There are 2 protein chains.
Amino acid sequence: MNRFLSNATNRIDAKGRVSVPSAFRSVLSGGGVRELYCFQDFVFPAISVGGPELLDRFERQMAAEDPFSPAANEMSLLVHGGGVFVKLDPEGRLMVTDFIRDFTGISTDVMFVGRGDYFQLWEPQAFAKAQAAAREGRKSRGLRPE
Amino acid sequence: MNRFLSNATNRIDAKGRVSVPSAFRSVLSGGGVRELYCFQDFVFPAISVGGPELLDRFERQMAAEDPFSPAANEMSLLVHGGGVFVKLDPEGRLMVTDFIRDFTGISTDVMFVGRGDYFQLWEPQAFAKAQAAAREGRKSRGLRPE
DNA sequence: TGGGACCATATGGGCGTCAATGGGATTGGC
DNA sequence: GCCAATCCCATTGACGCCCATATGGTCCCA
């Protein structure tokens, strides 16, 4: 399996560390990724995490449009100003910094949510709410999975 | 037979495992499927299960629209964040995780319901109710089975 | 036609491995 | 020299793999 899928909740220990689920770690090492790029998601109260190529993709998108446009300017503010690089410890854990806590509301547990080519860090209850809202949205519009 | 038909109810054992009905397993192995994709159904309190091509279908649908659109983002939250890959043990059983229990209400028994090119996991009583409601709905609209 | 052997499926449990977690030790920066 | 981040090692608890048992159905043969 080569993409980030499903979700899992892990506890933050006394030192502020949390284990990245094994399944996610194998996707990362499978892609030869050793350093992670994290940024505050554009729509959800979650931190999005992926390999450095995630940042590359954003920069390409910005380059595609007028670099002085309000949209590109705004995006740079989020992507560059709201992004950090982090690396995992030998056991595959990452530090849950205030940068992450403040933006997501995470305090004791972290929910890892696969998003295909990247994954996200959520406060568990916030995710439940967002997912329920997404499901309601689809239902009310009468959309089916097929 | 190459699709999932009829239904069967099996018991969850002390370790939280349940046997997938033999008929369903032969459909899977007939299609060369070794890993299953499960997701929380969009309309029913049931887990839908199929081969990885189910996820591929969703991803193609998302790729067809703007990947940054709210609709695509919302769908990814359900399809990626609410989906899991599961594999069966050598005896053809799967683990009934909290992910499945919480969403379906399943506690001691699992009802397997064929849906053509995929199948679903239901809490037996919930299925009976949903089926009765579906039958009433058709009757009141004067529809015939064909 | 009835009995019995055989087979397949569902189910139960032992055991080893690995991931998640916790805590001590060491290093490096301020 | 102190605080904090990083590394290393220990524990435990869950999950996967294996083998054993039961139950029901089918087929064969007397």
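To find a chain, count down the sequence lines: A is the first, B the second, and so on, and within it residues start at 1. Since this is a predicted model, take the numbers as computed values, not measurements.
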Trainee: Nucleotide range of DNA chain D contacted by chain A, 5' to 3', under 4.0 Å to a heavy atom?
Mentor: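 Extent of the interface on DNA chain D: D/dT6 to D/dC9.
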Trainee: Quick one: do A/R135 and B/E74 satisfy salt bridge (charged side-chain N to carboxylate O under 4.0 Å, His left out)? Show the steps, please.
Mentor: CA-CA 8 Å; A/R135 185 169 294 114; B/E74 195 176 69; over 6 Å; no
Trainee: Rounded to the nearest 0.5 Å, what separation is found between the CE atom of B/M111 and the CG atom of B/N10?
Mentor: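 So the CE of B/M111 and the CG of B/N10 are separated by 10.5 Å.
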Trainee: May I ask you to check whether A/F58 and A/F39 place their ring centres under 6.0 Å from each other?
Mentor: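 They qualify: ring centres under 6.0 Å apart.
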Trainee: Do B/T104 and B/P45 have side chains that get closer than 4.5 Å, going by heavy atoms?
Mentor: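 SC-SC contact between B/T104 and B/P45 ruled out.
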Trainee: Can you measure B/D89 atom CG to C/dC15 atom P for me and round it to whole angstrom units?
Mentor: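 Spelled out: CG on B/D89 to P on C/dC15 is 18 Å.
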Trainee: Counting only non-hydrogen atoms, which of residues 90-103 of chain A are less than 4.0 Å from DNA chain D?
Mentor: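 Within this stretch, A/P90, A/E91, A/R93, A/M95 sit under 4.0 Å of the strand.
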Trainee: Using whole Å, report how far CZ of A/F112 lies from C1' of C/dA19.
Mentor: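 It works out to 13 Å between those atoms.
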Trainee: Taking B/R25 for its side chain and B/V20 for its backbone only, find out whether a donor-acceptor pair lies under 3.5 Å.
Mentor: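 Answer holds: yes.
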Trainee: Can the ring centres of B/F44 and B/W122 be said to be less than 6.0 Å apart?
Mentor: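 B/F44 vs B/W122: aromatic centres under 6.0 Å.
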Trainee: Rounded to the nearest angstrom, tell me the gap between atom CZ in B/R11 and atom C1' in C/dT11.
Mentor: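 Distance check: B/R11 CZ to C/dT11 C1' gives 8 Å.
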Trainee: List the steps and the verdict of side chain to side chain contact (heavy atoms under 4.5 Å, CB included) for B/S48 and B/R115.
Mentor: CA-CA 9 Å; B/S48 293; B/R115 295 297 300 260; over 6 Å; no
Trainee: Thinking salt bridges, do B/D117 and B/R57 make one under a 4.0 Å N-O criterion?
Mentor: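 Salt bridge flag = yes for B/R57 with B/D117.
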Trainee: Could you identify which residues of residues 14-22 of chain B place a heavy atom less than 4.0 Å from some atom of DNA chain C, listed by residue number, or say none?
Mentor: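 Of all residues in residues 14-22 of chain B, the ones placing a heavy atom under 4.0 Å from DNA chain C are B/K15, B/R17, B/S19, B/V20, B/P21, B/S22.
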Trainee: Check whether more than 12 heavy atoms from other residues, nucleotides or ligands sit under 6.0 Å from atom CD of B/Q125, and answer yes or no.
Mentor: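 It does not: B/Q125 CD has 12 such atoms or fewer within range.
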Trainee: Picking from B/Y118, B/F119, B/F112, what satisfies ring pair (Phe, Tyr, Trp, His ring centres under 6.0 Å) with B/F4?
Mentor: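 Exactly one pass, corresponding to B/F119.
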Trainee: When the distance from CG of A/N10 to P of C/dA19 is rounded to whole Å, what number comes out?
Mentor: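 These atoms are roughly 13 Å apart.
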